Protein chains: 2
Amino acid sequence: MDFFQCISLKEAQRLIENELLNHKIEQEILALPASLGRIAACDIQSTVVLPSFSRSTVDGFAVRSSDTFAASETSPAMFTIVGEVCMGKSTALKLLPGEAVHIPTGGMLPQNADAVVMIEYTEQMDETMLMVLHAATPKENVVWRGEDVQAKQLLVEKGQQIASRHIGILAACGIGQVAVNKKLRVAVFSTGDELVDLGQKPEAGQLWDTNSYVLAAMLEEQGFCAVRMGIVEDTQTAFLAALQKGIEGFQAVLISGGSSVGVRDHTVNAVNALGKPGVLFHGLMIKPGKPMIFGSVNAVPIFGLPGHPVAACTVCKALVLPALARMSGENVSHEITIKAKLMRNIASSVSRDDFIQVKLVYQEGEYQAIPILGKSGLIRLLAEADGMIQIPAGKTGCSEGEIVEVFHIHQIKRV
Amino acid sequence: MDFFQCISLKEAQRLIENELLNHKIEQEILALPASLGRIAACDIQSTVVLPSFSRSTVDGFAVRSSDTFAASETSPAMFTIVGEVCMGKSTALKLLPGEAVHIPTGGMLPQNADAVVMIEYTEQMDETMLMVLHAATPKENVVWRGEDVQAKQLLVEKGQQIASRHIGILAACGIGQVAVNKKLRVAVFSTGDELVDLGQKPEAGQLWDTNSYVLAAMLEEQGFCAVRMGIVEDTQTAFLAALQKGIEGFQAVLISGGSSVGVRDHTVNAVNALGKPGVLFHGLMIKPGKPMIFGSVNAVPIFGLPGHPVAACTVCKALVLPALARMSGENVSHEITIKAKLMRNIASSVSRDDFIQVKLVYQEGEYQAIPILGKSGLIRLLAEADGMIQIPAGKTGCSEGEIVEVFHIHQIKRV
């Protein structure tokens with residue numbers, strides 16, 4: 001196989017998606033706090049009504065709003081205080097006309113009451129006599145039973161990533177355990193006889209392994225469980241053994257470097273030797289990232305990424321992460337993108353999709369996207385990038401001043 | 001103390017910042033992969049030069065570019081192959097005029113070579129005879145020693161959050177251990193006699209505790225270590241004991257609910273009783289979130305948040321998270337914000353900062369911000385929000401169609 005069979009990005013996405021269609025997603029039950037950031041395994045509906053009782057949103061007096069009709073500071077309405085609602089306690093009180101009940105924020109509304117007058121708009125004359133200086137409208141300062149959440153209301157959709165805001169509504173509805181999809185376990189291999197691992201001292205002509213670290217970190221940032229599997233020796237036997245280990249113990253395999261001439265054949269041969277369907281494509285009409293290999297063995301996808309870190313990371317962002325998100329059962333709606341003004345011309349070829357790393361600068365209320373250009377072997381290009389832009393096939397480039405959409409923006413906090 | 005002493009958001013930020021100025025940040029040393037998402041404790045400079053040797057970015061032949069002058073398919077330049085560079089090995093080869101050396105991608109350039117001709121542009125006649133069909137320019141297909149990273153080059157700045165892209169350049173420079181700031185440990189209390197914890201069944205008039213779950217999740221999303229400390233009973237003794245525990249075992253304390261009339265005095269009294277300087281402000285000119293309390297005891301900040309979940313979360317986003325980020329030594333540069341078209345009028349008061357939760361919809365290449373309005377007691381408002389907008393004091397509102405800046409956008413992956 002050679003680059004003569006290069007396929008388009010769209011076709012590659014279709015092939016990958018097709019291959020992953022039947023991936024089975026395992027589930028697990030977690031305590032609510034542990035579900036943060038995980039993917040909901042099914043729709044979560046409320047089993048309760050919220051609030052379960054009509055309650056006051058202020059400190060004051062529960063009244064029948066009709067009894068306050070036309071009340072004002074100059075012409076107060078008179079009430080008899082017939083009791084008090086205690087926080088966290090049920091109340092059996094039932095208002096008759098002209099009666100009021102003292103109620104704290106969050107307190108349960110007595111029967112027949114339909115509004116709460118804030119304490120600021122009342123004047124208590126003695127133990128039982130109350131002046132109300134304000135005409136309350138029905139439901140004023142009250143959250144009605146069921147006003148917040150209805151029974152069977154959808155709280156979290158299947159495939160949604162559970163964020164803090166969901167934790168809030170789930171807790172409010174008393175849901176203490178959540179079914180989530182298991183984290184995808186991904187094996188990450190580096191290849192290349194010139195590589196040594198961190199902690200070792202490289203001899204002349206050798207480099208520290210970079211790709212397995214940066215790729216594993218990219219996967220972890222996206223919520224996958226990445227396991228670095230070390231550097232594979234540049235022999236067919238070693239590739240076979242490594243990939244065998246990968247497909248047996250993991251749900252997906254990344255192997256970088258093995259797609260350059262010389263070693264790329266090892267990846268292709270090993271993937272084809274290990275099982276069906278084997279290699280599905282080799283060579284991609286994108287830049288950087290052309291030498292990409294994709295295959296699958298026993299429903300475990302194997303992504304053969306370029307050796308250059310920027311190319312490896314570009315392919316990872318453009319193809320691998322979306323594929324893994326789909327495998328995780330994530331219902332990817334819309335990735336947040338940012339519009340930015342491109343700060344210089346970029347030429348591109350109509351025959352391929354180009355991905356350009358950009359630095360974002362916020363100035364005078366707008367974002368500027370500064371392309372980071374250089375040889376694809378430079379790791380620095382990646383370190384400086386805040387996101388990337390895509391110039392799709394069919395377009396000859398982007399002009400300085402053009403508004404571009406920046407995606408895969410680095411702004412990840414949770415650890 | 002009462003709301004008569006309400007202060008502005010700006011003044012509150014100034015007071016909080018001032019109080020946290022002298023917070024000491026503890027550090028720890030982590031293995032590179034574990035440093036992902038953490039805050040760099042100091043500037044990290046490279047101790048090496050990258051690449052440490054000039055190397056080829058393609059498979060081909062290393063040559064002296066001047067020897068290929070005017071070479072083309074019709075008029076090739078002739079070379080003698082004098083050897084081969086092996087991956088990961090040093091080479092002692094030194095090119096004389098007209099000599100070429102076979103070199104793989106990543107291979108070390110022999111002495112005197114200054115370019116590599118891709119194998120596609122060569123034709124090998126026999127073991128030693130090579131035709132070059134292309135004029136190479138100096139440095140073509142070569143990454144020069146030091147071209148990527150210089151010695152002492154700043155790789156990660158003190159206070160920067162370490163992302164995957166930094167992991168890449170740190171690995172490339174052989175940095176296997178990183179000094180990071182310790183995660184801030186934050187105690188999160190709920191208060192209110194009407195609350196029961198998840199797993200318990202609420203009686204009539206009771207609610208499940210929501211705030212400690214949602215606040216802890218918000219802190220975790222931002223990379224802090226949040227510990228839920230349960231529901232504090234509504235007595236002065238219980239508040240004193242709880243806050244005492246908080247300031248002794250944690251770097252910051254959040255307590256919600258205790259700032260409503262009735263229980264708010266317990267927080268104020270306890271904070272003042274526990275030590276200096278005690279309560280620094282009580283009451284904030286923002287909506288929602290007015291009853292906020294801020295104090296400090298023995299340099300541990302105590303944030304008293306409103307009881308309503310939306311108000312508590314708004315104050316947390318607007319004031320608490322930025323304060324904790326500062327305490328963590330995070331060099332917060334610019335939070336990513338998104339410009340969106342406001343989809344309805346919103347009235348605001350000139351005397352305060354208003355925060356509105358919005359839902360983001362992406363349509364025809366632009367974002368729409370749909371305000372989520374409703375009583376502040378509704379948890380649903382929070383669950384539906386993708387971000388929030390701020391209408392600063394001095395402004396009377398925002399109009400439908402206005403372009404607003406949405407911040408604190410929910411798009412957090414790492415777990």
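Just so it is clear: chains get the letters A, B, ... in the order the sequence lines come, proteins before strands, and each one is counted from 1. Model, not experiment: these values are computed from the prediction.
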* Asked: Quick one: what part of B/Leu360 sits under 4.5 Å from any heavy atom of chain A, side chain, backbone, both or neither?
  -> side chain
* Asked: Do you know the tightest heavy-atom contact between A/Met87 and B/Asp193?
  -> O-CB, 4.3 Å
* Structure fact -> Interatomic distance, OG@B/Ser52 vs CD@A/Glu203, rounded to 0.5 Å, equals 11.0 Å
* Measure A/Val48 against the heavy atoms of chain B and call it side chain, backbone, both or neither at under 4.5 Å. => side chain
* Criterion side chain to side chain contact (heavy atoms under 4.5 Å, CB included) on B/Leu207 and A/Arg55, from CA distance to verdict -> CA-CA 11 Å; B/Leu207 306 170; A/Arg55 60 191 175 103; 3.8 Å; yes
* For B/Val142, is it the side chain, the backbone, both or neither that has a heavy atom under 4.5 Å from a heavy atom of chain A? -> backbone
* To do: Against chain A, label B/Thr57 side chain, backbone, both or neither, depending on which of its atoms sit under 4.5 Å from a heavy atom there.
  => both
* Asked: Residues two or more places apart in sequence or in another chain: which of them pass side chain to side chain donor-acceptor pair (under 3.5 Å) with A/Asp209?
  -> A/Ser190, A/Ser212
* Structure fact -> When the 4.5 angstrom heavy-atom criterion is applied to B/Ala383 and chain A, the contacting part is both
* Asked: Roughly how far, to the nearest 0.5 Å, is the CD1 atom of B/Ile336 from the OH atom of A/Tyr367?
  -> 4.0 Å
* Highest number of heavy-atom pairs under 4.5 Å with chain A: which of B/Ala31, B/Cys225, B/Cys173? -> B/Cys173
* **chain B contact via A/Lys339 - side chain, backbone, both or neither, heavy atoms under 4.5 Å** => side chain
* Output the distance between atom OG (B/Ser164) and atom CG (A/Leu219), rounded to the nearest 0.5 Å. => 9.5 Å
* Select one option (side chain, backbone, both, neither) describing which atoms of A/Leu195 are under 4.5 Å from chain B's heavy atoms. => neither
* Asked: Using non-hydrogen atoms only, which part of B/Ile119 is less than 4.5 Å away from chain A: side chain, backbone, both, or neither?
  -> neither
* Structure fact -> Taking every heavy atom of B/Ile379 against every heavy atom of A/Ile169, the minimum-distance pair comes out as CG1-CA, 3.7 Å
* Structure fact -> The interface call for A/Cys313 against chain B, heavy-atom contacts under 4.5 Å, is neither
* Asked: Could you state the interatomic distance from OH (B/Tyr362) to OG1 (A/Thr337), rounded to the nearest 0.5 Å?
  -> 4.5 Å
* Structure fact -> Scanning both residues in full, the closest heavy-atom pair of B/Ala171 with A/Leu198 reads O-CD2, 3.6 Å
* Test item: B/Asp386 and A/Arg165 side chains (from C-beta on) under 4.5 Å apart, heavy atoms -> yes
* Pick from B/Met108, B/Met218, B/Lys89, B/Glu147 with the largest number of heavy-atom pairs that fall under 4.5 Å of chain A -> B/Glu147
* **Region of B/Leu155 in contact with chain A, defined by heavy-atom distances below 4.5 Å** => neither
* To do: Give the member of B/Gly199, B/Gly174, B/Gly107 that has the highest number of heavy-atom pairs under 4.5 Å with chain A.
  => B/Gly174
* Asked: What option among B/Ala226, B/Gly365, B/Ala216 has the most heavy-atom pairs under 4.5 Å with chain A?
  -> B/Gly365
* Structure fact -> Residue set satisfying side chain to side chain donor-acceptor pair (under 3.5 Å) with A/Arg228, at least two apart, ordered chain then number -> A/Tyr213
* Nearest heavy-atom neighbours spanning A/Leu36 and B/Glu221 -> CD1-OE2, 3.7 Å
* Asked: With respect to chain B, which residue among A/Glu366, A/Glu384, A/Glu194 yields the maximal number of heavy-atom pairs within a distance under 4.5 Å?
  -> A/Glu194
